[in-house]
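Numbers restart at 1 for each chain; the letters A, B, ... are given by sequence-line order, proteins then strands. Keep in mind it's a predicted model, so treat the numbers as computed, not measured. Only this structure's heavy atoms are used, side chains among them; waters, hydrogens and symmetry mates stay out.
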There are 2 protein chains.
Amino acid sequence: MKIHKGHHGNCCCGKIRGFGRRITPARHAVLDALSTRGEHLTAEDVFKASSRRYPNIGLATVYRTLELFTKLGMVSKFDTGDDKARYEFADGPHAKGHHHHLVCTSCRRIVDYTDFIKEEMDLLHKTEEGLSKKYGFKINSHVMQFYGLCRDCAR
Amino acid sequence: MKIHKGHHGNCCCGKIRGFGRRITPARHAVLDALSTRGEHLTAEDVFKASSRRYPNIGLATVYRTLELFTKLGMVSKFDTGDDKARYEFADGPHAKGHHHHLVCTSCRRIVDYTDFIKEEMDLLHKTEEGLSKKYGFKINSHVMQFYGLCRDCAR
DNA sequence: CATATAATTGAGAATAATTCTCAATTATGT
DNA sequence: ACATAATTGAGAATTATTCTCAATTATATG
Ligand SMILES: [Zn+2]
Ligand SMILES: [Zn+2]
Ligand SMILES: [Zn+2]
Ligand SMILES: [Zn+2]
């Protein structure tokens with residue numbers, strides 16, 4: 001079986017196997033879809049893209065796979081106010097590609113941004129620490145998103 | 001018509017009227033539900049609560065009303081990862097009661113917190129300004145949420 | 001390699017939150 | 001009180017997601 005060229009050139013199979021889960025063509029197809037089709041993909045997007053490489057894949061499998069990858073921390077699932085979940089490869093809070101989203105509430109455009117990420121991270125760390133202590137939560141992730149109108153929609 | 005005792009003792013009717021929309025018993029019932037039944041309410045929660053005061057209200061009306069109030073900025077709609085939208089009175093980014101959420105991914109408990117809000121606000125302002133300039137977005141709102149395990153679920 | 005076993009799959013049905021439709025009702029300005 | 005447009009309730013429709021289940025397949029083991 002061909003080695004999957006993962007998100008950052010690494011193979012994700014180890015992570016999957018490490019969890020006692022199997023490597024399958026369907027999962028490979030989803031991985032490929034995520035790495036080649038960009039970000040902010042709906043399940044339907046991923047389904048279409050994976051179907052190209054693996055025409056028999058079922059939509060339910062795509063959902064199951066995305067759920068699995070999300071649980072493994074390889075994928076981040078978020079929503080932007082329409083009623084579809086979005087998926088993209090997760091660059092964890094500490095990784096290089098970590099970014100947040102700017103969403104146009106009119107045309108649904110999504111802009112990734114990394115500006116201020118450093119400051120955000122500092123604050124997020126501080127907050128996580130403080131909240132963990134105060135409320136006894138073990139914090140695993142966060143969502144930070146801005147909503148507004150893009151240039152085109154604003155006028 | 002009796003004056004509605006709003007969120008902070010003010011009447012919200014002005015805002016509704018100001019938008020050319022009408023004051024109706026259904027809308028009053030939803031306002032009351034939101035102010036007396038607390039926060040993080042699902043549409044179903046709001047429906048049940050409003051039904052007490054106004055038994056004939058329909059679920060679709062509740063949805064329409066919540067959508068209207070959200071558009072008017074009186075209500076904030078958010079989701080916490082299950083597939084139900086949550087609604088609560090909006091204390092705008094600058095208002096006293098503005099808070100963020102800590103969500104337990106296991107039992108779905110939601111904790112409001114206001115700690116670090118000051119610092120968050122400073123950063124958010126800075127970010128909003130920066131992003132507005134750079135991407136031409138007119139930013140109206142943000143979501144900031146932490147996910148993790150509450151004390152009970154963590155052990 | 002062949003075999004055994006449990007994980008995974010595809011297809012379609014089922015679910016559930018939300019939106020839509022439409023005739024009937026009602027709030028509001030005059 | 002009247003005219004008019006907004007709003008409503010009820011139920012049907014929609015749609016993203018999950019579930020079911022028999023068939024297939026990945027992997028470990030010898
Ligand atoms: Zn736009
Ligand atoms: Zn992104
Ligand atoms: Zn919990
Ligand atoms: Zn809250």
Side-chain angles (χ1 to χ4, degrees), chain A residues 1-4 11-31 33 40-48 50-51 53-72 75 77-87 108, chain B residues 1-4 11-31 33 40-48 50-51 53-72 75 77-87 108:
Chain A
M1 172 167 298
K2 125 175 177 311
I3 299 284
H4 168 71
C11 182
C12 309
C13 302
K15 192 150 208 170
I16 299 173
R17 281 225 177 75
F19 233 70
R21 314 302 297 270
R22 295 177 176 177
I23 305 295
T24 68
R27 287 174 182 165
H28 256 163
V30 169
L31 282 174
H40 322 144
L41 302 176
T42 62
E44 193 68 33
D45 293 336
V46 175
F47 175 59
K48 280 192 201 125
S50 339
S51 297
R53 285 173 192 259
Y54 183 47
N56 267 10
I57 195 169
L59 181 55
T61 300
V62 170
Y63 273 103
R64 283 183 294 231
T65 304
L66 290 170
E67 185 190 17
L68 171 66
F69 289 174
T70 302
K71 200 173 304 180
L72 298 190
V75 159
K77 175 183 181 180
F78 59 100
D79 94 303
T80 62
D82 55 4
D83 286 307
K84 295 168 210 163
R86 307 270 168 171
Y87 301 87
R108 294 282 146 205
Chain B
M1 172 169 296
K2 125 176 177 313
I3 300 284
H4 169 70
C11 183
C12 308
C13 302
K15 191 149 210 170
I16 299 173
R17 281 226 177 75
F19 232 70
R21 314 303 297 271
R22 296 177 175 175
I23 305 294
T24 68
R27 286 173 183 167
H28 256 164
V30 169
L31 282 174
H40 322 141
L41 302 177
T42 63
E44 193 67 33
D45 292 336
V46 175
F47 175 59
K48 279 192 201 127
S50 338
S51 296
R53 285 174 192 259
Y54 183 45
N56 269 9
I57 196 168
L59 181 55
T61 299
V62 169
Y63 273 104
R64 283 183 295 232
T65 305
L66 289 170
E67 185 190 18
L68 171 65
F69 289 175
T70 302
K71 199 173 305 176
L72 297 191
V75 160
K77 174 184 182 179
F78 60 99
D79 94 302
T80 61
D82 55 5
D83 286 307
K84 294 168 211 164
R86 307 269 167 172
Y87 302 87
R108 294 282 147 206

Write down the distance between [atom1] ([X]) and [atom2] ([N]), rounded to a whole number of angstrom.
X: A/R17; N: C/dA6; atom1: CZ; atom2: C1'; result: 16 Å
X: B/I16; N: C/dA27; atom1: CD1; atom2: C1'; result: 13 Å
X: A/L68; N: C/dT8; atom1: CG; atom2: P; result: 8 Å
X: B/L41; N: C/dT18; atom1: CG; atom2: P; result: 13 Å
X: B/N56; N: C/dT26; atom1: CG; atom2: C1'; result: 14 Å
X: A/E67; N: C/dT8; atom1: CD; atom2: P; result: 12 Å
X: A/L66; N: D/dT17; atom1: CG; atom2: C1'; result: 12 Å
X: B/K48; N: C/dA17; atom1: NZ; atom2: C1'; result: 14 Å

Side-chain donor/acceptor of [X] to backbone N/O of [Y], under 3.5 Å:
X: B/R27; Y: B/R22; value: yes
X: A/T61; Y: A/I57; value: no
X: A/R53; Y: A/P25; value: no

Derivation and outcome, side chain to side chain contact (heavy atoms under 4.5 Å, CB included), residues A/R21 and A/R17: CA-CA 5 Å; A/R21 314 302 297 270; A/R17 281 225 177 75; over 6 Å; no
side-chain N/O B/T61 vs D/dT8 OP1/OP2, d < 4.0 Å: no
Phosphate OP1/OP2 of D/dT8 contacted by B/T24 side-chain N/O (<4.0 Å): yes
Where the side chain of [X] is concerned, which of [options] is the nearest nucleotide?
X: A/R22; options: D/dT17, C/dT9, C/dT8; result: C/dT8
X: A/D83; options: D/dT7, C/dA27, C/dT19; result: C/dT19
X: B/R21; options: D/dA26, D/dT7, C/dG10; result: D/dT7
X: A/A85; options: C/dA7, C/dT18, D/dT17; result: D/dT17
X: B/R27; options: D/dA10, D/dT17, D/dT8; result: D/dT8
X: B/Y63; options: D/dT17, D/dT27, C/dT18; result: C/dT18

Of B/G20 and B/G58, the one whose closest DNA chain D nucleotide lies more 5': B/G20
Residue met sooner reading DNA chain D from 5', once B/T65 and A/A43 are mapped to nucleotides: B/T65
B/T65, B/I23, B/T24 screened by side chain to side chain contact (heavy atoms under 4.5 Å, CB included) with B/I16, the one that passes: B/I23
Sugar-phosphate, base or nothing in reach of B/A26, heavy atoms under 4.0 Å: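 It contacts sugar-phosphate atoms only.
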Sugar-phosphate only, base, or nothing, as touched by A/F47 at under 4.0 Å among non-hydrogen atoms: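 Touches nothing.
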Minimum heavy-atom distance between A/S51 and A/F47, given as atom pair plus value: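 Nearest heavy atoms, A/S51 then A/F47: OG-O, 2.6 Å.
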Any donor-acceptor N/O pair under 3.5 Å between C/dG10 base and A/R64 side chain: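 Indeed, a donor on one side and an acceptor on the other fall under 3.5 Å apart.
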Along DNA chain C (nearest heavy atom to each residue), the more 5'-positioned of B/E44 and A/Y54: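 Going by which nucleotide is closer to the 5' end, it is A/Y54.
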